[in-house]
Protein chains: 2
Amino acid sequence: MEQTPSDPLDTALSGPQAAAELAAQMAAGGPPLATGTADKPFANMLCFSVYAAQLAFNRLYKQLLAPHGLTYLQYLVLVALAQAEDRTVGELGEVLFLESNTLTPLLKRMEAAGLVVRRRDAEDERVVRVALAPAGAEVVAQVECVPLDVLSALDMPLGDLQQMKAAIDRLGSELRKSTT
Amino acid sequence: MEQTPSDPLDTALSGPQAAAELAAQMAAGGPPLATGTADKPFANMLCFSVYAAQLAFNRLYKQLLAPHGLTYLQYLVLVALAQAEDRTVGELGEVLFLESNTLTPLLKRMEAAGLVVRRRDAEDERVVRVALAPAGAEVVAQVECVPLDVLSALDMPLGDLQQMKAAIDRLGSELRKSTT
DNA sequence: AACGATTAAATCGTGTACGACCTAAATAGG
DNA sequence: CCTATTTAGGTCGTACACGATTTAATCGTT
């Protein structure tokens with residue numbers, strides 16, 4: 001119901017050469033770019049598919065994490081902190097692709113909730129180091145099974161998911177290259 | 001730099017049977033679920049790849065749409081409205097996967113900006129119908145080339161993108177099924 | 001030692017998202 | 001008819017996300 005495999009122009013095209021292709025198509029009076037039917041207005045837009053999948057992931061994780069008092073982003077922060085002694089705000093930003101203007105309020109909320117500890121680096125007073133608090137480590141242990149629950153809710157072949165992840169990582173990498 | 005094809009457990013697994021596989025792996029003392037290295041804490045999490053790709057898409061579109069005074073979501077609304085005479089708030093919510101509590105303030109901002117028109121349905125006073133305003137139609141025409149710009153910034157084969165889109169649509173559909 | 005440039009966080013304002021709740025209009029049963 | 005329920009939007013509070021700006025600490029050069 002969600003898929004229309006027979007869609008003639010099912011997805012966006014690729015690369016500079018594909019852009020040229022599309023430009024030619026438009027010049028030839030083809031269908032306007034990035035449009036679909038009234039029923040599925042975004043049938044040709046890869047960006048929308050990613051947007052919709054992200055919404056869906058966020059909602060599902062929200063359900064599973066809410067009982068533990070976590071949001072999805074807070075969960076990601078805990079996972080990142082569980083892999084290291086501590087991380088600076090900047091290091092967290094690098095792995096999460098976020099800036100301090102998003103992380104600082106988030107980390108303060110998490111500190112207020114007793115999940116993490118923030119302290120200035122003694123060597124460089126500009127740097128704030130963030131580490132798991134005991135309660136945070138406890139929650140990490142509690143939610144270790146959450147990704148498992150998510151996976152068990154899906155009915156898709158492993159190979160597809162592996163391929164998809166590699167492709168999406170590549171896509172994200174390409175998109176980040178294009179952003180000044 | 002972004003990819004590690006040789007990663008032994010490069011992605012999440014799939015389906016109930018995969019969940020069982022993972023459970024067995026954990027019981028056998030395998031690596032904890034959904035964890036990566038300190039360098040790449042989310043190497044095994046498909047959800048993170050989608051999250052990161054969405055962030056990247058949003059940032060790139062933001063750059064391209066800002067000169068036209070649009071946000072990414074406002075752009076999606078305009079695209080949806082360009083495909084139909086008008087749409088009710090509920091219909092917009094269906095195609096965008098959003099609720100009225102998100103759409104109402106958004107649509108009011110867009111109305112204030114002169115992009116859309118909102119009016120109560122005469123037949124059913126509960127319903128609000130949203131249509132493109134002249135300025136909105138003008139902006140739609142101006143941003144028709146934006147997806148083209150995004151595509152031209154990518155260096156990925158068309159086939160990969162087509163496959164990816166189909167797979168991500170499937171993923172979103174499966175995730176939505178799992179959300180109560 | 002001094003001072004301009006750089007860097008790391010933080011602050012502020014705007015715009016999504018969404019859970020919880022509310023209001024008004026339409027509809028279903030009696 | 002007339003109330004009970006349902007339905008469509010809307011409001012409110014909280015939490016991301018990010019552009020623009022600010023503050024404070026460090027560095028580089030003299």
Side-chain angles (χ1 to χ4, degrees), chain A residues 51-67 69-77 86-94 96-113 115 118-130 176 179-180, chain B residues 51-67 69-77 86-94 96-113 115 118-130 176 179-180:
Chain A
Y51 158 85
Q54 207 280 325
L55 281 183
F57 257 131
N58 217 325
R59 281 168 199 169
L60 185 49
Y61 267 92
K62 185 167 291 197
Q63 277 191 354
L64 299 170
L65 295 173
L70 288 182
T71 66
Y72 178 60
L73 185 53
Q74 289 172 5
Y75 166 72
L76 290 183
V77 169
D86 55 25
R87 287 184 199 269
T88 68
V89 173
E91 286 166 354
L92 278 173
E94 267 181 57
L96 292 167
F97 301 112
L98 293 172
E99 306 292 328
S100 66
N101 53 5
T102 299
L103 286 172
T104 297
L106 167 73
L107 293 169
K108 285 186 173 178
R109 281 190 294 270
M110 294 181 74
E111 185 176 45
L115 297 170
R118 294 179 335 128
R119 63 183 201 290
R120 291 275 165 188
D121 188 310
E123 312 262 316
D124 187 340
E125 287 284 339
R126 293 172 304 178
V127 172
V128 169
R129 298 199 162 273
V130 186
R176 260 170 261 124
T179 312
T180 50
Chain B
Y51 159 85
Q54 207 280 326
L55 281 183
F57 257 130
N58 216 326
R59 280 167 199 170
L60 186 48
Y61 267 91
K62 185 166 291 198
Q63 278 191 354
L64 300 171
L65 295 173
L70 289 181
T71 66
Y72 178 60
L73 184 54
Q74 290 172 3
Y75 167 71
L76 291 183
V77 169
D86 55 26
R87 289 183 197 270
T88 68
V89 173
E91 287 167 353
L92 278 174
E94 268 181 57
L96 292 168
F97 301 112
L98 293 173
E99 306 292 326
S100 67
N101 52 4
T102 299
L103 286 172
T104 296
L106 167 73
L107 293 170
K108 285 186 173 179
R109 281 190 294 271
M110 293 181 75
E111 185 176 43
L115 297 170
R118 293 181 334 128
R119 64 184 198 290
R120 291 276 163 188
D121 188 309
E123 312 260 315
D124 186 341
E125 286 283 339
R126 293 173 304 178
V127 173
V128 169
R129 298 199 163 274
V130 186
R176 260 170 260 125
T179 313
T180 49

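None of the values given here were measured: they were computed from a predicted structure. Naming: A, B, ... by sequence-line order, numbering from 1 per chain.
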So do the side chains of B:L107 and B:L92 get within less than 4.5 Å of each other, counting heavy atoms only?
yes
Measure the distance from CZ on B:R87 to P on D:dG9 and round it to the nearest whole Å.
13 Å
Where along nucleotides 8-17 of chain C does protein come under 4.0 Å, by heavy atom, of base (B) or sugar-phosphate alone (S), with - for untouched nucleotides?
SBBBB--SBB
B:R126 backbone acceptor or donor facing B:R120 side chain under 3.5 Å
yes
Axis-to-axis angle between the two ends of the helix from C:dA1-D:dT30 to C:dG30-D:dC1 (five base pairs per end, rounded to 10 degrees)
10°
Dump the intermediate steps for side chain to side chain contact (heavy atoms under 4.5 Å, CB included) on B:M110 and B:V130, then the final yes or no.
CA-CA 10 Å; B:M110 293 181 75; B:V130 186; over 6 Å; no
Length of the CG-P vector between A:L76 and D:dC16, whole Å
10 Å
Roughly, in whole Å, what's the span from CD in B:E123 to C1' in D:dA8?
16 Å
Contacts of B:R118 meeting side-chain hydrogen bond (donor to acceptor under 3.5 Å, both in side chains) (sequence neighbours excluded), chain-then-number -> B:E111
Per the side chain to side chain contact (heavy atoms under 4.5 Å, CB included) rule, which among B:L106, B:L70, B:L98 passes with B:V77?
B:L106
To the nearest Å, how far apart are B:L64 CG and D:dG19 P?
13 Å
Expressed as a whole number of angstroms, how long is the span from B:E99:CD to C:dC21:P?
16 Å
B:E125, CD atom: more than 12 neighbouring heavy atoms under 6.0 Å:
yes
Can you measure A:L65 atom CG to D:dA15 atom C1' for me and round it to whole angstrom units?
14 Å
Rounded to the nearest 0.5 Å, the CG atom of A:L96 sits from the OH atom of B:Y51 at a distance of 5.5 Å
Nearest-angstrom distance from the residue atom CG of B:L60 to C1' of D:dA17:
16 Å
Take the protein atom OH of A:Y61 and the nucleotide atom P of D:dC16, then report the distance between them rounded to whole Å.
16 Å
